[in-house]
Number of protein chains: 2
Amino acid sequence: MDVRVSLKDVAAHAGVSIKTVSNVVNNYQHVTPAMRERVQRSIDILGYRPNLAARHLRKGRTGVIALALPELGNPYFAELAAAVIDAAVEHDYIVLLDHTGGRREQEILVSQGFRARVIDGLILSPIELEAEDLRDRENVPLVLLGERDYDLPYDHIAIDNVAAARDAVRHLISLGRRNVAFIGARNGRSEPAQLRVRGWREELRAAGLPADEGLVAATDGWGHADGAAAMARILDSGRQPDAVFAYDDPMAIGAMRVLHERGLRVPEDVAVVGFDDVIEGRFGAVTLTSISPDKEAIGRLAVESVLARLNGDTRPPLRVSADYRLVERESTLGREEAARRATAG
Amino acid sequence: MDVRVSLKDVAAHAGVSIKTVSNVVNNYQHVTPAMRERVQRSIDILGYRPNLAARHLRKGRTGVIALALPELGNPYFAELAAAVIDAAVEHDYIVLLDHTGGRREQEILVSQGFRARVIDGLILSPIELEAEDLRDRENVPLVLLGERDYDLPYDHIAIDNVAAARDAVRHLISLGRRNVAFIGARNGRSEPAQLRVRGWREELRAAGLPADEGLVAATDGWGHADGAAAMARILDSGRQPDAVFAYDDPMAIGAMRVLHERGLRVPEDVAVVGFDDVIEGRFGAVTLTSISPDKEAIGRLAVESVLARLNGDTRPPLRVSADYRLVERESTLGREEAARRATAG
DNA sequence: AAACGAATGTATAACGTTGTAAAAATCAGG
DNA sequence: CCTGATTTTTACAACGTTATACATTCGTTT
């Protein structure tokens, strides 16, 4: 049944030329309804399906875009991947997924198309990649995702990290917190982390509070365990933060676990804000306040940008700031409210 | 620099035939070292890179395998996807990722290759798909992943769900629990859920305990919210389970959240066991006991099976039972131990 | 009714690669 | 230095598709 059937077979079966069958398949406009139906019948009977490799060879298009993310285990990226896949399907494109581990070396390979070479375009969420690494690539269209702030001629979709971080810290200050720790200033290169630290610093200064750099904990990764370790380090140093702003939700949750182990209550003793609004933050013993980026919009914009470039769009590089909002949950309840909740429970 | 350079260009530059260049590129054995070096020099100078579409058209291979999972948002699948991608890279294959939402219709489309047509093989983790849906596909090699127990000629990699579920329930019984609820018997078709319910039922019977079907909660999905809703429903029905076995970790965590809201303590009042051992379970206020499948092994076996079939392996369909183990954490501490911990904290 | 333009169908040549078979170059032995 | 065997290189034909350019048909207009 599925022994490869080609245009030639259909053409023979329908008694027409190969090109006519091709015309029907591609909805070419000048085909009489009668002819179209006749060919279509043969197509259906033989179960013809176009060979994408041949089409690609001829047209130079594959119908595949690659999405390269640092880590799939991180739910934010998993959810983002889902959004990109859905957006791509809308446009009859399929998505090839790759993960870089956030390592510069892997990111370079991906950006130059060495890992996936059958693609029409690339959506890349870089962590360590440097601007110079993208300097002389002359390849498929590239759209950058996330926080890095390159000054390069590629479309870039992100939320305003500094502003979002300031919103988070402002919220903590508005609760009366004064010693706000930041967890997740990444060891080594990582501009995204730096932007969020900057927002933390700026907002504290703006509020006339000291930005105690001893309350900034650097980590190697950005998972639960990294957050937990960083939190432990801060507490072990003898400092007593009354609030924590974490680089992302998993780190915030890891930090809350350590606070719990040390007998510190969230939010009464320490208020916590995360970043990314992953689903998991909504179901812990203490639900997590978080910055919530509009993932669907980011995914959709990324796909649309790649496809636009692919279709010859030569407008100057786009710099889209996607929406975000601060979602307040239990981890930043006011002290009175938290007390009320505690007695009630 | 990257204006497409083909074998023809290299051949012209080196002053040899196209096929000779091809021979060099493919490490064909009968090429003199001198010739090899001469051609290689031209390749380097011109920056030649093989055109995969053409190679595919000629050889009938793409170097791409598809991985179709129900949901990326579920961390288990995200972690599994990472494992598959890594295993594929080992073999110079790349992975095209798709998600089906666990819906039969989507699963059928995927299984027949309608969504991704540039693939050499397919790894599919079905939920609702029926055996009959796979009956007359004569397509690329297919490997089934996960819990469904089809009787079809395809390789199948899974853990023994009934046994794992029995282990989980036995563990709860060994703690002295008598009213063990099961959360996540899925509404509608879903064999995996049924297998785990069966394990629950069998183990209770084996222990001489009644299997109260009123303690089984069906759900539509398998996320945090579904687990929470199911738990709430059981409690609202007036029953008082002293243990919960959930279909997966997110559901277990959702359930724990509801228990927490109702003032029930885990594990003192209700012990909880999940399934999949996702990272998130290790960082809640109460860490989660869970069945931990060997994800790396599953991913590796799946890739190896697909590639073996692709290379003409015609042995009878493989039925691999991957390893799993029960990882005990706080959510099933013994009552005495839990009490000790409580006074200590 | 002839002639014209528009609409529709067809033959052929690519796209870049590799398998096959045949040609050319090399080598060993007399 | 020739013969025959062996190694190395080459020419050519696919793989399945679409673009180009041409051929046919049809419906109008003169």
Side-chain angles (χ1 to χ4, degrees), chain A residues 2-43 46-64 92 113 117-120 140 311-312, chain B residues 2-43 46-64 92 113 117-120 139-140 312:
Chain A
D2 195 63
V3 251
R4 285 276 148 241
V5 29
S6 73
L7 284 182
K8 190 160 70 173
D9 304 319
V10 178
H13 184 272
V16 296
S17 80
I18 292 180
K19 187 63 212 302
T20 299
V21 181
S22 171
N23 287 341
V24 171
V25 171
N26 293 294
N27 278 314
Y28 182 65
Q29 55 176 348
H30 298 304
V31 181
T32 49
M35 176 62 84
R36 168 153 300 164
E37 198 201 349
R38 173 168 146 213
V39 172
Q40 188 61 51
R41 191 187 313 266
S42 295
I43 289 177
L46 297 179
Y48 167 78
R49 299 241 306 278
N51 177 319
L52 291 194
R55 182 176 282 175
H56 172 207
L57 176 58
R58 185 61 239 230
K59 305 221 295 187
R61 291 280 184 86
T62 63
V64 178
D92 281 321
R117 292 174 303 192
V118 270
I119 59 174
D120 290 345
V140 298
N311 291 324
Chain B
D2 196 63
V3 251
R4 285 278 147 241
V5 30
S6 73
L7 285 181
K8 189 161 69 175
D9 304 319
V10 178
H13 184 271
V16 297
S17 81
I18 293 179
K19 188 63 212 301
T20 299
V21 181
S22 171
N23 286 341
V24 171
V25 170
N26 294 295
N27 279 315
Y28 181 65
Q29 57 174 348
H30 298 305
V31 182
T32 50
M35 176 60 87
R36 168 155 296 157
E37 198 200 350
R38 173 168 147 214
V39 171
Q40 188 61 51
R41 192 188 312 268
S42 295
I43 288 177
L46 298 180
Y48 168 78
R49 296 240 308 278
N51 178 319
L52 291 195
R55 183 175 281 176
H56 172 207
L57 176 58
R58 182 63 237 235
K59 305 222 294 188
R61 291 280 184 88
T62 63
V64 178
D92 281 322
R117 292 173 302 191
V118 271
I119 59 174
D120 290 345
N139 219 322
V140 299

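Lettering of chains follows the sequences in order, A, B, ..., and the numbering in each one begins at 1. Predicted model only: the values in this text are computed from it and were never measured.
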Is A:Arg55 near enough to D:dT18 that one of its side-chain N or O atoms lies under 4.0 angstrom from OP1 or OP2? yes
Protein-nucleotide distance (A:Lys59, atom NZ; D:dG16, atom P), rounded to Å: 18 Å
Given atom CZ of B:Arg38 and atom C1' of D:dT8, what is their separation to the nearest angstrom? 13 Å
Nearest whole Å is fine: how far is C:dA14 C1' from A:His56 NE2? 15 Å
Between A:Arg61 (side chain only) and A:Asp120 (backbone N and O only), is there a donor and an acceptor less than 3.5 Å apart? no
Any idea which of C:dC15, C:dT17, D:dT17 is nearest the A:Pro50 side chain? D:dT17
Only one of B:Val16, B:Val10, B:Val24 passes side chain to side chain contact (heavy atoms under 4.5 Å, CB included) with B:Ser42; say which it is. B:Val10
How many Å lie between CZ on A:Arg61 and P on C:dC15, as a whole number? 18 Å
What's touching nucleotides 9-13 of chain C from the protein side, N or O pairs under 3.5 Å?
{"unit_1": "C:dG9", "atom_1": "OP1", "unit_2": "A:Thr32", "atom_2": "OG1", "d": "2.9"}
{"unit_1": "C:dG9", "atom_1": "OP2", "unit_2": "A:His30", "atom_2": "O", "d": "3.4"}
{"unit_1": "C:dT10", "atom_1": "OP2", "unit_2": "A:Ser17", "atom_2": "N", "d": "3.2"}
{"unit_1": "C:dT10", "atom_1": "OP2", "unit_2": "A:Ser17", "atom_2": "OG", "d": "3.2"}
{"unit_1": "C:dT10", "atom_1": "OP2", "unit_2": "A:Thr20", "atom_2": "OG1", "d": "2.3"}

If you round to the nearest 0.5 Å, how far is CG of A:Asp9 from CD1 of A:Ile18? 9.0 Å
5' priority, DNA chain D, between B:Ala54 and A:Val25 [closest heavy atom]: B:Ala54
Take the protein atom CG of B:Leu7 and the nucleotide atom C1' of D:dT9, then report the distance between them rounded to whole Å. 15 Å
Rounded distance in Å - CG (A:Leu57) to P (C:dC15): 9 Å
Between C:dT17 atom P and B:Ile43 atom CD1, what is the distance in whole Å? 10 Å
Once rounded to the nearest 0.5 Å, what's the spacing between atom NE2 of B:His56 and atom CG of A:Asn51? 6.0 Å
Rounded interatomic separation in angstrom, taking CG from A:Asn27 and P from D:dT18: 12 Å
Hits for salt bridge (charged side-chain N to carboxylate O under 4.0 Å, His left out) against A:Arg41, two or more places apart or cross-chain, chain-then-number order -> A:Glu37
So how far is it from A:Arg55 CZ to A:Asn26 CG, rounded to the nearest 0.5 Å? 5.5 Å
B:Leu7 CG to B:Thr20 OG1 distance, which is reported to the nearest 0.5 Å: 10.5 Å
